[in-house]
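Please read the structure below before turning to the comments.
Whatever order the structure lists them in is the order used to number ligands and atoms, beginning at 1.
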Amino acid sequence: MRQTLIAGNWKMNGSLAANAALLDGIRAGAQGLACEMAVCVPAPYLAQAEAGLQSSPVAWGAQDVSVHESGAFTGEVAASMLRDFACKYVIVGHSERRSLHAESSELVAQKTLRALSAGLVPIVCVGETLAEREQGRTDAVVNAQLAPVIAAVGEQLAKIVIAYEPVWAIGTGKTATPAMAQQVHERIRATLAQADAAAAATVRILYGGSMKPDNAKELLAMADIDGGLIGGAALKAVDFLAIAQAA
Ligand code: PGA
């Protein structure tokens, strides 16, 4: 019912030359895979992703979007601009944006809405820090991040993707165990169901945080883990494809 989505988050990595090789490798290996695949690339490389992935089964997207439609917002990228490069997805509320750029959950909710209005599929990231987990506040933190998004999107809930990314697992090599991740995913789905039960059954909830070829299968086998948002391992075609093959 929910098609697995394996999405790469390249973060601020890449160059024209390195991307060309990576896109070629992904494109070559992606044929015939059962899961859906996507790469979220730095904005300057969207044209390259579009050219390199067109007529392949792999979608592409961006890592952030402006909350504004257009105008005097130096340095920002509008949702309509992402659409100009045929983006399907855009990541919103990644923990690095929340912590390094002070993005609030309210802002993330408005960005989610902006993405939807432009016809993009937002991948909304939520997740707790290590301190929050140790204080037993994981559910409270995740729910507080989700609440404004659920309120903002209203009847469009079925159109979003959620990524649960425990901050302590991102780029650290520490992965949540499949059981730990499943527990949070299940609670996220229950929270969504309180707003819209039909949408909650179809929304894909991805896991992110040191997902690698050697742990992907176990994580993706869990009932409420519908895919992965992959950082480091998305920068090597063989690793990214191995994760997609495990799905
Ligand atoms: P990671 O990053 O796979 O390198 O831990 C995931 C992410 O931040 O989206």
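The parts of Ile170 lying near ligand 1 are both backbone and side chain, judged by heavy-atom distances below 4.0 Å. Contact annotation for Cys125 and ligand 1: no heavy atom of the residue comes within less than 4.0 Å of the ligand.
Here the protein heavy atom with the shortest distance to atom 9 (O) of ligand 1 is Glu165 OE2, 2.7 Å. Counting only heavy atoms of the protein, atom 3 (O) of ligand 1 lies nearest to Gly231 N, 2.8 Å. For atom 4 (O) of ligand 1, the closest heavy atom belonging to the protein is Gly232 N, 2.9 Å.
Side-chain contact check for Glu69 versus Ser80: every heavy-atom pair is 4.5 Å or farther apart.
Around NZ of Lys159, the count of heavy atoms belonging to other residues, nucleotides or ligands within 6.0 Å does not exceed 12. The neighbour count for Glu155 CD, taken as heavy atoms of other residues, nucleotides or ligands under 6.0 Å away, does not exceed 12.
Counting only distance, with no hydrogens or angles, the side chain of Arg27 and the backbone of Gly52 share a donor-acceptor pair below 3.5 Å. Put simply, the side chain of Arg114 never gets that close to the backbone of Ala118: no donor and acceptor are under 3.5 Å apart. Panel note: side chain Glu165, backbone Ser95; no donor-acceptor pair is recorded below 3.5 Å. Checking side-chain atoms of Gln3 against main-chain N and O of Ala34 turns up a donor-acceptor pair under 3.5 Å.
Ring geometry for Phe73 against His68 counts as parallel: the plane angle stays under 30°, on a 0 to 90° scale with 60° as the upper cut.
For ligand 1 and Ala169, the ligand atoms under 4.0 Å from any heavy atom of the residue are 5 (O). Using a 4.0 Å cut-off to heavy atoms of Leu229, the atoms of ligand 1 that qualify are 6 (C), 9 (O). Counting atoms of ligand 1 from 1 in the listed order, those under 4.0 Å from a heavy atom of His94 are 7 (C), 8 (O), 9 (O). Distances below 4.0 Å separate heavy atoms of Gly209 from the following atoms of ligand 1: 5 (O). Here is the list of ligand 1 atoms found below 4.0 Å of a heavy atom in Lys11: 2 (O), 7 (C), 8 (O).
Here's the thing with Gly171: one of its N/O atoms is less than 3.5 angstrom from an N/O atom of ligand 1.
Proximity of Lys212 to ligand 1 is not established, as no heavy-atom distance is less than 4.0 Å. Residue contacts with ligand 1 leave out Ser95, since none of its heavy atoms falls under 4.0 Å from the ligand.
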Could you go through residues 137-151 and list every donor-acceptor pair under 3.5 Å that involves a side-chain atom there, pairing it with any protein atom two or more places apart or in another chain?
{"residue": "Arg137", "atom": "NH1", "partner": "Gln135", "partner atom": "OE1", "Å": "3.0"}
{"residue": "Asp139", "atom": "OD1", "partner": "Arg187", "partner atom": "NH1", "Å": "3.2"}
{"residue": "Asp139", "atom": "OD2", "partner": "Arg187", "partner atom": "NE", "Å": "3.4"}
{"residue": "Asp139", "atom": "OD2", "partner": "Arg187", "partner atom": "NH1", "Å": "2.6"}
{"residue": "Asn143", "atom": "OD1", "partner": "Thr191", "partner atom": "OG1", "Å": "3.1"}
{"residue": "Asn143", "atom": "ND2", "partner": "Asp139", "partner atom": "O", "Å": "3.3"}
{"residue": "Gln145", "atom": "OE1", "partner": "Gly127", "partner atom": "N", "Å": "2.8"}
{"residue": "Gln145", "atom": "NE2", "partner": "Gly127", "partner atom": "O", "Å": "3.3"}

